Amino acid sequence: MINGISINYYLLLSTVLFIIGAVGVMARRNSIIIFMCIELMLNAVNLLLVAFSTLHGDASGQVFVFFVMAVAAAEVAVGLAILSMIYRNVKSIDTDILSNLKN
Amino acid sequence: MIKLIGLVPLFPLIGFLINGFFGKKISKSLSGVIASVSILASFILSILIFVELNGSTNKSHIVNLFSWINSGTLQIPFEFLVDPLSSLFLLIITGIGFLIHVYSIGYMSHDAGFARFFTYLNLFVFFMLLLVLGNNYLIMFVGWEGVGLCSYLLIGFWFKNNAYNDAARKAFVMNRIGDLGFLLGIILIFVTFGSISYNEVFLKAGTVSTGVITTIALLLFVGAMGKSAQIPLYTWLPDAMAGPTPVSALIHAATMVTAGIYMIVRSNIFYSISEVASETVAIVGVLTALFAATIGLFQNDIKKILAYSTVSQLGFMFLALGVGAYSSAVFHVTTHAFFKALLFLGAGSVIHAMGGEQDIRKMGGLSGKIKITFVTMLLGTVAISGLPPFSGFFSKDEILAHAYEHNPVLWMFGSIASMLTAFYMFRLLFLTFFGKFRGTHEQEHHLHESPSSMTFPLIVLAILSVAGGLLGLPEFWHLPNWMSNNLESVIIRKSPSTLHHETEWMLMGIAVLAALATIYFAYIVYRQKKTLPIKEGDKMPGLQTVIYNKYYVDEIYDALIRKPLDVLSVVFHKFFDIQIIDGLVNGVGGFVKSLGSAIRLLQNGNIGFYITSMVIGIVFIILLTFLI
Amino acid sequence: MKGLLIISGLGILAMLAEIFKFKKLLFPMVLLGVVAAYAFNFMEWKTGMSIPYFDNMIGFDKLGLAFSGIILATAFLWFILANDYFEEETNLVDHFALVLFALVGALMLTSFKNMTTLFLGVEIMSIPLYVLAASKKNDIKSNEAGFKYLIMGSFASGFLLFGIALIYGATGSFDLMQIRAFVSENSTTLPMFFYVGVVFMLIAMLFKVSAAPFHFWAPDVYQGSPTLITALMSTVVKTAAFAAFMRLFMVCFADVSAVWTGILAGVVALSLVVANFSAAMQNNVKRMLAYSSISHGAFMLMVVLANVRSNLSVNALIYYSLAYSLGSIAAFGILYNVTRKGNENIDAFNGLAKRNPSLALCMAIAMLSLAGIPITSGFFAKYFVFTAMIGTQYKWLLIVAVLTSAVGVYYYLRVIIAMYFKKQDTHEPLPIEKSNVLVIVLTTAATIAIGIVPGIVAEMFSF
Amino acid sequence: MLGYTITQWLFGILSFLSIMFALMVVFSRNPVNSILYLVLTFFCIAGLYLLLNAQFLAVVHIVVYSGAIMVLFLFVIMLMNLNQDNEPQRATLNKIIAGVSGGMLLVVLVGSLKGGEQLGLQSYGSSQIGLVKNLGKVLFSEFLFPFEIASILLLAALVGSIMIGKKEIK
Amino acid sequence: MLTALLILFPLLAGLLVFFVKGNAARNLALGLSIIEFGLALGAFFMFKHNPDSCLLSFDHAWVQSLGIHFSVGIDGMALLMILLTTFLVPLIILSSFKNDYSNSNNFYGLILLMQMALVGVFTANDGFLFYVFWELALIPIYFICLLWGGENRGQITFKFFVYTLLGSLFMLVGLIYLYNHTNVDGIKSWNVQALYEAGRALTETQQSAVFWMIFIAFAIKMPIFPLHTWQPDTYVTAPTQGTMLLSGIMLKMGTFGVIKWLLPVVPLGLEKWGGIAIALSVIGIVYASIIALSQKDFKRLIAYSSIAHVGLISAGILSANQQGLQGAIMQMLAHGVNVVGLFFIADILFRHTGTREMDKLGGIRGMNGNFAVLFLIILLGSVALPLTNGFVGEFLLINGVYQFSATMAAIAGLTVILGAVYMLRAYQKIMLGERKDSNVAFGSLAGTDKIVLGVICIVVIAFGFYPKPLNDIAEEAVKTIMLNLK
């Protein structure tokens, strides 16, 4: 129990968010939205980490969240750079168009 | 002298090597002489050995040359056995072999393959000698297959003619069928007795169950069927006449084809033990004798008639073996070697005179033109027809007597065959030598007596055919039957004849009368009525057609064995091998490919799909790991 | 550890090169630096130092050093190979820096001791690679490769993190040893979601080593990326990923192997089938090599599966990584030279035996090594795997492995057949740069050498 | 109120809102809307952080995500002029498959994620760990190495973005 | 030591030949291979003098920690196989003198490397080493077939390669399984005796699994029905020298392998499954013989005949008795020589007439009698006529099979008949009859051709007449093997 809320609820909540993110990745064609959904997934994890951190009374969980944020930022930076480059080349960021590489 | 037995086959071998390697370089006459001399040397040595053996009390000499195959308990030395049986065969082989070599010098003188012919002939004698000299079954087998090879080579001697080649191949293959039986027999002997040397095997023969002995005996008999042209493996022998006539005389009449008899006589102990086997031999023998004789009735090729006659006579010999009259069989082998070699050589002389013509319908009236040939052939014909006092009478009569004693039915069939023999032989004689010449003018001009190298063997053989009967006079004449006495040490002696002398006299009388009657019948048909065989293509009465076409046995074999085999071959190859087995192998490849293509479709380049697939994978993993 | 620092420093140095204008010096410096890193690495290995640095965040033990050694050596060869590639590219300095940074990540993965370092290592290695994969800016295929790699990599990172979070939640720690200790102490009272965490990490790591069904990115990315980057991915990155995999599962989660071995067995089987069957259908050589890499990955996974915490399998994995890296470097090096004109299909190899016999020979040896034919190192690698596997309950996997290996031979032989059997229009000799020749010959020779005397490597690591 | 404490109420509301906004992120047709909903989601999550006594993290979260990352997204979307409602959508079947597989994942996860509470995992730490001071201590002692090495990560991202973003000089 | 030299020498020779250009390569290869034969003869005399001579074995740790040794040694069977190999390789090289191969240095180099691997296979006393040499032998022959083969060679050699490799991978698994059960003073070992012991200690089920794992590899190599379909295509497509290597020597790897690496290892497995394996072999004999009947291409006919022959050898081996095994060894030697001779004849025919289609040939005997005689002698050896080398083996083999099952022996014996049928048919079609119009004049043979055929014919007859020198060694070798089997 954290402040009267069972850890199971946090687990449930972050799982739901995580899966919404995952569904977004699967269901959308717009690359940027896909990115955003991935961010959503990461945030779900962050939430869980913080919850566990508080549960254990251990700060390392929260510290870990910093690293996740740093990584997320880095990924977004690189990802958006790549996307803008792609957009420069093909004037689209539709994933269906980005499917030249296949068998 | 017996110690030198190794030289007997060595001489022909040397002759073979000389002719084989240098045949083309030396003159024809020299190669003929070398070949003949090598056989002569063997012959002389054989005589010396024969004499020595006769004088010695020890009737069985084993000469070890070298150890050949060793495999654990299977020890096969290259050993020769000199005993009365083998030494008798030595004489026949080298003696008649020598005569035929001499004959061939004349007969083949115009042939381009002269040296080659003698090479083969010498090789044949070598193998034949191995066959009879070997002290164990495998050496016999070596000779056995070796003579088969030579037979193959000599039948197909004129290799440009594919019909001859076919005949040669047929001979070899049919022999091989028998050889397989023989081989399995040898192996069974080894498995049963732990040895294949004669003396060891025969010593232990009594200790083994009759069933095994029967199997061995029958397997060996299969071998004999092939080599000695018995039903059902006889059809190669008439075809084998494709070879030069001296070959027919030597291999396909006098020596090789009697190897089967030699083998069974050698193994007589098995047949004495096994009732079943000996009955089989007798029945096959007598049937062959009768069957081949009927075919002989309507043949028009002079050599074919003799060939069927040979098959028939071989049947007689097997009849003898089957009824346990081993020495009679050997006796008949001997006399048959004389008169059949004579007949073949005579026929060769006729053919020689006719410039290669073999069809008796185109002959006639030759008696005046080639007198020596005619006389000798007449003597031979009389001998084979079983008229006393010629050699054939004695040997055949002995067999028939034994057959009667064993089972009168066998005797009856045998007698009928004997009558038929007399008929077709005299038919041959009448059509060839009497009446008018029916050939072309050219042939008529060309007619001449053969050179002395050919007539000399004829004369010698004629003498032997006439006098050969002395070797085995009937016992009840109270004269010494040299043949059976001589072979005493080798053969399980039959219990003394139980036939009354009267019966024997009667049988003899019947045989002679029957023969005379048949000859008279032939005389009426071919001399008085001057009936001629129907020309090729004309219609024949039904049964005659069947017999003329040799009961269509070749065709039946063709349809039953050769054709199905060929079809099977194609089916196996095109269907089983390529379609099914290789198809399966390729199918695996195809499966890989199609599965690969299926998997390929998954990789469609769409990132959403990729991730969905991953998620489905994850679902499965979690489902399987935690919830099931 | 010193190696890691040197490589990091080199990376930063590379960034400065443009500013302070010593671009020309950079290449020799990098080579020197890598050699130095290797030397330090080797010395640490020799003296057997296994000091945990920074509160058990990272620790170069023998195992880690061994993998680091392989990575550094491969990287060295790769740099030589890439020599003229960098001359072509305008962004020389950036490339250098990125590759070096990726190398830092790879080295971290060989020797992490904490989930944090694992996660950071994965990302530090991956992010530069996303960029490098997309680095042919005007080539839409390259862009797409980078993009796909990024999206799917991030997606997998999500699972990795989720797993880490769950494990943290269950055990209260990020430290591998503490987790392990906690697990063995409380094996009966662990919450269910701990195991889910393990499975999630497994899935994420399987993604990184591109095992089916998480392999989808690999062929596309391998194909789209510039050839040399693909070479980097299939050697350095692969080795690092396996080092991490092994540390994580054979060390940390060894006590809960019941949870993950079954999954792993299934994944291995699926990977073998999918990879080999797909590879057999490829005409694009790079793509084919991508599938081949998946198949080799499956072999390496078999080692992990085979025998938890045994010297035999550690040896096997190290040897396999080395053998595979050598073969791949040679193959990609040759591929790089052969496909300069842009045709990456197998017919680019047609008639190579005529155009450049020695290159063809090297390629043939590399292919035979990848196919696992004696006396190449690839054979021993497979042999070690078989030996490790035969004692386990997963013997059926061996049958799958054997059957699919036979399929594997098919596509390796296709290259050989193309080189020796098919005709090419041009017969002009194919020139290659000297440095490339050096690398190719060196790797080929090493392939044969450690194939003939595998003891050199196999007996080096006695853990 | 209804037997729930305020925290519990807040947790319930924030959870509900975050899930709703998250769903809106996925379902909005217009990318700009998506971004805005995502920002809202992040705010809710920040609120949850606060509930968990992670005040510093909540602030950082707002600053980094809502402040930096989301702006970056928005910037790029605007740059590409994707502010449209008619952007191409995946085929319905694909969506259904995605939804179903996501749903299945949810079901199996929820099925297998139970059991945190019964194992006696309860809060036994102080509520002060989320404070800057505490975090700083841990970060610069225990997590020094990752902290340092994270700079490499950021450097790499920096270099990478620049390299990719630069116009090709031909 | 000498054994190691026997392996090393062709390796060095092969490498050397790679760097020689033009005709010098083939002359050098011939010379070196003759020296190798000399070495083998040296081994022969040494063995005669003292079979346990330490010079004949060599052992050096290879991968110590895994119990892998470079352990080679010559026992009776190995000696015979080495003699066969080293005798045939110079002949094979000599036989190629009239063929114009491009890049012939590579060709001869590969042949010598192949020889190295073959000698290695026959002498290896370490299971692992055996496997390595086994695989190594595959590579040169693959390249020989691929580079100098005929029509469609890419696909066919590929099938051959994958097929054999698949088999050997199974063998590897089987061997590793055995290795895993070895225990020599507490450590695992690849030593042949250790593997024997490990194998025998297994349960029947385990032995059965190992039996099939290993047998499949050998069965593919030989090949045994129904794993034979790679063989005819490969034989036909490969360049003649490649076919000679494949059929003359490489095939013996399979039969040799069964004797040394299968029979003593899994006695129970053999007891349980040997019958089925023999049945397959025997079916193969009849099946291949019948197929051979309808073949039009002479080379393909020989290929099928080879399947038939090897089926008999295999059946004999699997009967696992003195006669069967000894017959197998003798027949391996004989078949090696004969089949090389036959393939060479096919090559000569092709060279002179441009076809191997038998229906298009004919009447050659009339044009070149010597050739016909040499052909006939080799053919007779192949149909196992007594006093040719083929007979001793065949007799012992049928004998051995008979002791296992009389029925099997009778069926196996059909080869005696069918072999004669298709061989003589072929001979007749090719050599006899009238010369066909389409058939060009068949001139006299080249000197090298005469030497090769002559030597083969001499061997065919000499060892048919007096097999004792080889037979004695084989007998002793088999006795040792039989001890291992009990």
Side-chain angles (χ1 to χ4, degrees), chain A residues 1-9 11-13 15-17 19-24 26-30 32-33 35-37 39-40 43 46-47 50-51 53-60 62-63 65-67 69-74 76-78 80-85 87 93-94 96, chain D residues 5 7-8 11 15 18-19 22-23 25-26 31 34-35 38 41-42 45 48-49 51-54 57 64 69 72-73 76-77 80 87-90 95 98-99 102 105-106 109-110 113 116-117 121-126 129-130 134-135 138-139 142-143 146 150 153-154 157 160-161 164-165:
Chain A
M1 296 286 271
I2 311 159
N3 295 338
I5 297 157
S6 165
I7 185 71
N8 279 349
Y9 291 108
L11 254 175
L12 191 62
L13 175 61
T15 308
V16 170
L17 287 175
I19 283 168
I20 291 173
V23 170
M26 288 185 270
R28 293 302 294 261
R29 276 170 69 176
N30 188 321
I32 292 200
I33 310 272
F35 257 120
M36 286 165 24
C37 290
E39 292 308 315
L40 189 58
N43 271 280
N46 281 352
L47 179 61
V50 175
S53 166
T54 315
L55 180 71
H56 292 306
D58 174 28
S60 53
Q62 296 195 17
V63 173
V65 174
F66 283 127
F67 293 118
M69 286 181 183
V71 166
V76 167
V78 168
L80 290 178
I82 291 176
L83 274 184
S84 59
M85 176 178 69
Y87 189 79
I93 50 167
D94 188 344
D96 280 14
Chain D
T5 63
T7 350
Q8 281 166 336
F11 176 78
S15 307
S18 59
I19 290 173
L23 286 172
V25 173
V26 176
S34 281
I35 291 182
L38 190 60
T41 317
F42 285 164
I45 290 175
L48 287 167
Y49 286 169
L51 279 185
L52 286 164
N53 285 334
L57 209 55
V64 172
I69 296 182
L72 198 57
F73 270 106
V76 171
I77 291 235
M80 294 178 187
E87 82 150 22
Q89 294 291 310
R90 228 170 250 298
K95 281 188 186 167
L105 185 59
L106 182 67
L109 270 186
V110 169
L113 277 177
E117 204 66 31
L121 284 178
Q122 44 232 338
S123 178
Y124 39 79
S126 77
I129 53 157
N134 262 328
L135 284 180
V138 177
L139 186 59
E142 211 181 313
F143 286 82
L153 175 76
L154 295 172
S161 316
I164 294 278

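This structure is a prediction, so every number in the text was calculated from the model and none was measured.
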Please enumerate all residues that pass salt bridge (charged side-chain N to carboxylate O under 4.0 Å, His left out) together with A:D94, with sequence neighbours excluded. A:R29
Distance, nearest 0.5 Å, that separates OG of D:S18 from CD1 of A:I20: 8.0 Å
Do you know the tightest heavy-atom contact between A:N30 and D:P31? ND2-CG, 3.6 Å
Step-by-step side chain to side chain contact (heavy atoms under 4.5 Å, CB included) determination, D:I45 to A:L17: CA-CA 10 Å; D:I45 290 175; A:L17 287 175; 4.2 Å; yes
Atom pair CZ/CZ of D:F143 and A:F67 - distance to nearest 0.5 Å: 6.5 Å
A:I33 to D:V25 - nearest heavy-atom pair and separation: CG2-O, 4.2 Å
How close do A:L40 and D:A22 get, heavy atom to heavy atom, and via which atoms? CD2-CB, 3.7 Å
Could you check which of D:L105, D:L154, D:T41 has the highest count of heavy-atom pairs closer than 4.5 Å to chain A? D:L105
Max heavy-atom pairs within cutoff under 4.5 Å with chain A, candidates D:L57, D:V138, D:I19, D:L139, goes to D:L57
Test side-chain contact (heavy atoms from CB on, under 4.5 Å), reference A:Q62, set D:N53, D:L135, D:N134, output is D:L135
Can you tell me how far the CZ atom of D:F73 sits from the CG atom of A:L80, to the nearest 0.5 Å? 5.0 Å
Separation between CD1 of D:I69 and CZ of A:F35, rounded to the nearest 0.5 Å: 11.5 Å
When A:C37, A:G24, A:A27 are compared by non-hydrogen pairs under 4.5 Å with chain D, the top option: A:A27
Spatial distance of atom OG1 (A:T15) from atom CG (D:L109) [nearest 0.5 Å]: 6.0 Å
So does A:L13 get a backbone contact from the side chain of D:S15, meaning a donor-acceptor N/O pair under 3.5 Å? no
Quick one, A:L83 with D:M80, criterion side chain to side chain contact (heavy atoms under 4.5 Å, CB included). Give me CA distance, side-chain angles, the key distance, then yes/no. CA-CA 10 Å; A:L83 274 184; D:M80 294 178 187; 4.2 Å; yes
Could you list the residues that satisfy ring pair (Phe, Tyr, Trp, His ring centres under 6.0 Å) with D:F11, not counting sequence neighbours? A:Y10
Measuring heavy-atom distances to chain A, does D:L38 have an atom under 4.5 Å in its side chain, in its backbone, in both, or in neither? side chain
Under 4.5 Å to a heavy atom of chain D? For A:L47 that would be both
Can you say whether D:A54 sits under 4.5 Å from chain A via the side chain, the backbone, both, or neither, judging by heavy atoms? both
Just wondering, do A:Y87 and D:V76 contact through their side chains at under 4.5 Å, heavy atoms? no
At a heavy-atom separation under 4.5 Å, does A:L12 approach chain D through its side chain, its backbone, both, or neither? side chain
With chain D as the partner, which of A:I82, A:N46, A:I19 has the greatest number of non-hydrogen pairs under 4.5 Å? A:I19
Top of A:M36, A:M85, A:M69, A:E39 for chain D proximity - count of heavy-atom pairs under 4.5 angstrom: A:M36
Rounded to the nearest 0.5 Å, what's the gap from CD1 on A:I5 to CG on D:L51? Could you check? 5.5 Å
